[in-house]
Colleague: 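Could you have a look at this structure, given as structure tokens, before my questions?
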Amino acid sequence: MNELNAYLSDNQDQFVDELCELVRLPSISTQANPGVQACADALVETMRRGGLEPRLLPTPGQPVVFGQRMVDPRLPTVLIYGHYDVQPVDPVEDWVTPPFEPVIRDGRLYGRGSSDNKGQHLAQLLAIRALLKLDGELPTNVKVILEGEEENGSPHLAWFVEHNRELLACNVAYTSDGPVHESGRATLVLGVRGMLGVELRARGANRDVHSGNRGGVVPYPAWDLVHLLASMRRPDGRVAIDGFYDSVRPPTIAEREAISRLPLDLPAHLRQYEFDRLPPPDDWGYYDRLMLQPTLNITGLNGGYAGHGIKTIIPHQAVAKLDMRLVPNQTPDEIFDCLERHVRRYAPGVELIRLGDMRPSRTAIDNPYTQTVITALREATGEEPYVVPSLGGSLPDYVFTEILGVPSLLVPYANPDQNNHAPNENFELARFIGGIRTCATVLRRLGTGTA
Ligand SMILES: [Zn+2]
């Protein structure tokens with residue numbers, strides 16, 4: 001560990017320079033941006049410099065940067081995942097410094113992609129480089145995939161994994177994305193919620209009409225939509241769509257225990273967002289809501305005129321967008337079917353459009369790698385890590401747990417205030433270097449298999 005720490009401090013400036021080079025490439029995947037390909041090409045070089053055999057693998061969308069180093073078939077094979085695309089930068093006027101001109105202020109590197117996810121997967125690549133330099137060879141077989149469409153919902157990752165099963169064969173998947181626990185302490189995450197997005201569109205007359213001259217004699221799509229939405233949720237906060245909760249799997253004893261160890265400052269949460277109490281259901285705990293229960297949320301409502309003053313019209317249509325966060329063993333297909341039956345029953349004239357989805361994923365806490373990774377985290381950070389059964393958010397983690405059928409462990413490196421997806425995204429440099437130390441330690445521990 002001393003040797004590793006010395007190597008990290010000797011080379012810190014070089015590592016930060018390499019991160020700055022990546023952040024300068026505007027790899028926004030939702031916009032046709034040449035920075036995406038440029039970033040993929042740059043990562044091929046970074047992998048080559050770091051002792052991996054790299055290649056660009058095509059998908060129907062952006063290419064996957066793949067690199068591997070197979071040391072010994074008797075050693076475990078670790079598949080590392082990351083993404084080189086970044087979020088758009090709007091509102092650009094809220095950035096203190098331009099998003100693609102990385103700058104260090106107060107020990108943080110500011111720039112789009114600094115922590116989501118360039119700094120985090122570069123930490124993995126630099127850990128591999130460090131181990132080769134210090135130990136002469138890697139302690140495990142390593143495969144790395146860096147995709148270029150995560151911020152666009154990973155539309156081709158499942159396709160890619162299905163078409164490259166043999167190439168990606170491994171014992172365990174390892175990802176670093178998102179922030180550590182709110183408290184700042186090292187965190188091991190074992191799952192994510194899934195997602196289903198839909199649109200509801202209610203139609204009335206063929207155009208907006210005068211609400212007096214035609215009031216009472218043309219349909220009211222806004223009312224149709226509001227009634228439909230109201231039928232989907234009970235007053236106690238539970239979702240009223242038949243079958244919605246049927247596949248929700250209760251937590252295991254180990255998951256319950258892990259959740260009970262997570263600290264919670266509810267007053268601080270209420271203060272932060274300036275409201276008085278959590279929404280119903282009142283009998284669900286804070287972490288149960290975030291990790292164990294699905295949600296049904298109205299992300300947007302649109303219809304008629306809601307601007308300044310009054311405009312006396314009957315709008316000709318009303319639109320709602322919903323997103324649902326799903327938990328094991330719900331699937332987007334099953335939940336969409338429930339929703340479709342509900343809409344047909346309560347408002348058959350309302351159109352239901354499926355927008356996008358991602359399956360939930362959960363790795364059992366008692367998988368063969370949890371204790372080894374916890375020991376490595378303790379060693380690398382000097383902290384007792386929190387074990388988080390699931391993120392509230394969604395990542396394409398199911399491609400590892402369900403398509404490849406391996407445990408998937410997520411160890412985020414970023415600071416809780418990383419501002420990912422927002423202006424002034426940043427990465428604390430100490431956490432960037434700490435990420436390199438953590439990944440190197442995790443690989444060493446996985447190689448010896450000692451917890
Ligand atoms: Zn992101």
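All ligand and atom numbering here is 1-based and tracks the order in the structure. Atoms considered below: every heavy atom in the structure, side chains included; atoms not considered: hydrogens, waters and symmetry mates.
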Colleague: Can you label the angle between the H269 ring and the F275 ring as parallel, tilted or perpendicular, going by 30° and 60°?
Modeller: perpendicular

Colleague: L409 vs V172, test: side chain to side chain contact (heavy atoms under 4.5 Å, CB included). Steps then yes/no.
Modeller: CA-CA 8 Å; L409 283 71; V172 58; 3.8 Å; yes

Colleague: Is the Zn ion (ligand 1) less than 2.8 Å from at least one N/O/S atom of E150?
Modeller: no

Colleague: Tell me whether E151 has at least one N, O or S atom under 2.8 Å from the Zn ion (ligand 1).
Modeller: yes

Colleague: Does H421 put an N, O or S atom under 2.8 Å from the Zn ion (ligand 1)?
Modeller: yes

Colleague: Report the name of the N/O/S atom of D116 located nearest to the Zn ion (ligand 1).
Modeller: OD2

Colleague: If the plane angle is over 60° it's perpendicular, under 30° parallel, otherwise tilted; pick one for F15 and Y7.
Modeller: tilted

Colleague: Establish, from distance only, whether the side-chain atoms of E147 and S154 form a donor-acceptor pair under 3.5 Å.
Modeller: yes

